[in-house]
Asks: 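Pasting a structure below so you can have a look.
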Amino acid sequence: MKKNIFTLIELLVVIAIIAILASMLLPSLNQARQAARKTSCTNNMKQIGTALMMYSGDYEYFPPAKSSEMGNFNSRGWHWLTMPYLGLDNSQPSGWEEAAKRREKGALRCPEIAPPQPGLLDRVSYSMYGFGPLVVWFGFTPAKLERGTAGNSTSIFATKPGARTTKAEPGCAPLTSTIPFVAERTLDEGTDAADLAFQDGNQLGYSSTASKSVVLIRGETPKGYSRFDFAYRHKGRKNILWFDGHVADVGLDQLHSTGVKL
């Protein structure tokens with residue numbers, strides 16, 4: 001009986017076909033993974049929104065982005081104040097490394113961002129609006145001064161559920177559905193810096209005021225500790241928890257220099 005034996009050429013052809021099929025499928029699989037991570041990030045923000053509402057139920061106001069006294073290792077920022085409502089431990093950390101890991105744990109960590117490492121231990125996945133520009137320019141109220149001086153747009157304010165703008169400047173009064181509450185943090189121009197709080201569109205990646213960083217904001221750098229980590233890391237989109245409680249993403253230049261959606 002004649003045995004069927006693969007020749008070397010036939011084996012190479014089979015391997016080539018498998019390689020071609022794999023190369024066709026891998027991009028789709030990568031896109032599916034990216035979409036799953038974006039969905040996970042969206043769910044994080046929804047959990048954060050629920051936690052913030054629970055906090056306001058206990059303390060009347062939402063937690064401020066930064067407290068008047070930040071404590072050791074920034075343990076009085078909004079992340080730490082919100083942790084108990086997210087099922088996370090907010091006891092005093094032993095050092096910056098532990099603090100950094102716990103500030104990006106559970107719902108506080110975007111799955112698309114690289115793990116915290118020495119050198120950028122103040123980095124965060126998500127930042128909260130300090131509300132200074134809204135209070136000073138648009139009469140956003142109720143709002144309680146928490147850090148800084150009254151009348152200064154760089155000051156930090158704690159707000160209440162139901163707060164809204166009371167005056168138009170210039171000619172427009174932002175709606176709560178267009179005001180970012182918690183956003184994926186981008187960068188300050190030309191640096192890898194991140195902060196617990198943001199006050200303007202430059203910090204969120206508004207390219208007209210961060211022209212030197214537009215290429216980096218768009219993510220054309222290697223994943224890891226690139227500026228893309230703080231920017232539009234979901235295929236050129238950024239997730240935002242808006243002040244009215246819904247979560248939706250934006251692309252580059254869809255936020256005004258004040259940080260409000262155009």
Asks: Any sub-3.5 Å donor-acceptor pair from E184's side-chain atoms to K238's backbone N or O?
Replies: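 No: the side chain of E184 does not pair with the backbone of K238.
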
Asks: Would you compute the distance between atom CG of D200 and atom CG of L255 and round it to the nearest 0.5 angstrom?
Replies: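 It comes to 11.0 Å.
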
Asks: Examine distances only and state if a side-chain atom of S153 and a backbone atom of G132 form a donor-acceptor pair shorter than 3.5 Å.
Replies: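 Side chain of S153 to backbone of G132, a donor-acceptor pair under 3.5 Å: no, none is there.
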
Asks: Please step through side-chain contact (heavy atoms from CB on, under 4.5 Å) for the pair D244 and L175, ending with a clear verdict.
Replies: CA-CA 9 Å; D244 69 349; L175 302 174; over 6 Å; no

Asks: Please walk me through it: do H234 and T42 pass side-chain contact (heavy atoms from CB on, under 4.5 Å)?
Replies: CA-CA 11 Å; H234 300 292; T42 299; over 6 Å; no

Asks: With a 4.5 Å cut-off on side-chain heavy atoms, are K38 and K235 touching?
Replies: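 K235 does not reach K38 side chain to side chain.
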
Asks: Would you say that S68 contacts I156 through its side chain, given a criterion of any heavy-atom pair below 4.5 Å between the two side chains?
Replies: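 No. Closest side-chain heavy atoms not under 4.5 Å.
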
Asks: Does S75 use its side chain to pair, donor to acceptor, with the backbone of Q92 at less than 3.5 Å?
Replies: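 Side chain of S75 to backbone of Q92, a donor-acceptor pair under 3.5 Å: no, none is there.
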
Asks: If every non-hydrogen atom of N152 is compared with every non-hydrogen atom of F157, which pair is closest and at what distance?
Replies: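 Of all heavy-atom pairs spanning N152 and F157, the closest is O-CE1, 4.3 Å.
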
Asks: List the atom pairs, donor and acceptor, that lie under 3.5 Å between side-chain atoms in residues 133-145 and the rest of the protein, sequence neighbours left out.
Replies:
none

Asks: So does A35 get a backbone contact from the side chain of T39, meaning a donor-acceptor N/O pair under 3.5 Å?
Replies: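 Yes, because the side chain of T39 sits within donor-acceptor range (under 3.5 Å) of the backbone of A35.
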
Asks: Check whether Y61 and M83 end up in the same hydrophobic cluster, where Ile, Leu, Val, Met, Phe, Trp and Tyr are linked by side-chain heavy atoms less than 4.5 Å apart.
Replies: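 In one cluster with Y61: M83, no.
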
Asks: Could you tell me if the side chain of N74 sits less than 4.5 Å from the side chain of W96, heavy atoms only?
Replies: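 Yes, at least one pair of side-chain atoms sits under 4.5 Å.
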
Asks: For residues F181 and Y129, establish whether the separation of their ring centroids is below 6.0 Å.
Replies: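 That pair fails the under 6.0 Å test.
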
Asks: Assess the residue pair S127 and F198 against the criterion (side-chain contact (heavy atoms from CB on, under 4.5 Å)); give the C-alpha distance rounded to whole Å, side-chain angles, the decisive distance to 0.1 Å, and a yes or no.
Replies: CA-CA 6 Å; S127 289; F198 63 85; 3.8 Å; yes

Asks: Determine the minimum heavy-atom distance between L196 and A65, stating which atoms define it.
Replies: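 In terms of heavy atoms, the two residues are closest at CB-O, 4.1 Å.
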
Asks: So which heavy atom on P180 is nearest to which on V260, and how close?
Replies: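 Closest heavy-atom pair between P180 and V260: CD-CA, 4.1 Å.
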
Asks: Looking only at heavy atoms, what is the nearest atom pair of V250 and W242, with distance?
Replies: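 So the two residues come closest at CG1-CZ2, 3.6 Å.
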
Asks: Please confirm whether the backbone N or O of D89 pairs with a side-chain atom of R102, one donor and one acceptor, at under 3.5 Å?
Replies: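 Yes; judged by distance alone, with no hydrogens or angles, the pair exists.
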
Asks: Under the side-chain contact (heavy atoms from CB on, under 4.5 Å) criterion, do K261 and H256 qualify, and how do the steps go?
Replies: CA-CA 6 Å; K261 188 176 181 180; H256 189 262; over 6 Å; no

Asks: Assert yes or no for the condition that the ring centre distance of F131 to F243 is strictly below 6.0 Å.
Replies: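 Here the rings of F243 and F131 have centres that are less than 6.0 Å from each other.
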
Asks: To the closest 0.5 Å, what do you measure between CZ (R147) and CD (E69)?
Replies: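 One finds 7.5 Å between CZ of R147 and CD of E69.
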
Asks: For N90, does its backbone N or O pair with a side-chain atom of W80 as donor and acceptor, under 3.5 Å?
Replies: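 At least one qualifying donor-acceptor pair exists.
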
Asks: Identify all side-chain donor-acceptor contacts of residues 45-56 below 3.5 Å with residues at least two apart in sequence or on another chain.
Replies:
from : atom 1 : to  : atom 2 : distance (Å)
T50  : OG1    : K46 : O      : 3.2
S56  : OG     : M53 : O      : 2.7

Asks: I'd like to know if the side chain of T82 and the backbone of W78 have a donor-acceptor N/O pair within less than 3.5 Å.
Replies: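 Checking the backbone N and O of W78 against the side chain of T82, a donor-acceptor pair under 3.5 Å is found.
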
Asks: Verify the neighbour count for atom CZ of R76: are there more than 12 heavy atoms of other residues, nucleotides or ligands below 6.0 Å?
Replies: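 No, not enclosed.
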
Asks: Salt bridge between D195 and K66, side-chain N to carboxylate O under 4.0 Å?
Replies: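 The answer is yes: the pair qualifies as a salt bridge.
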
Asks: For the residue pair N239 / Y126, report whether a side-chain donor-acceptor contact shorter than 3.5 Å exists.
Replies: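 Judged by distance alone, the side chains do not pair up.
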
Asks: Looking only at atom types and distance, does a side-chain atom of Q199 sit under 3.5 Å from a main-chain N or O of S155, one as donor and one as acceptor?
Replies: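 Confirmed, Q199 side chain pairs with S155 backbone.
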
Asks: Given 3.5 Å as the limit, does a donor-acceptor pair link the side chain of E104 with the main chain of K101, or not?
Replies: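 A pair under 3.5 Å: no.
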
Asks: So which atom in C110 and which in S125 form the shortest heavy-atom distance, rounded to 0.1 Å?
Replies: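 In terms of heavy atoms, the two residues are closest at N-OG, 3.0 Å.
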
Asks: Quick check: closest heavy atoms across L262 and D253, and the distance to 0.1 Å?
Replies: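 Taking L262 first and D253 second, the nearest heavy atoms are CD1-O, 3.3 Å.
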
Asks: Treat each ILVMFWY residue as a node, draw an edge where side-chain heavy atoms are under 4.5 Å apart, and state whether L86 and M128 are in one component.
Replies: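 Hydrophobic grouping puts L86 with M128.
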
Asks: Any side-chain to backbone donor/acceptor pair from N44 onto R109? Under 3.5 Å, distance only.
Replies: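 Confirmed, N44 side chain pairs with R109 backbone.
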
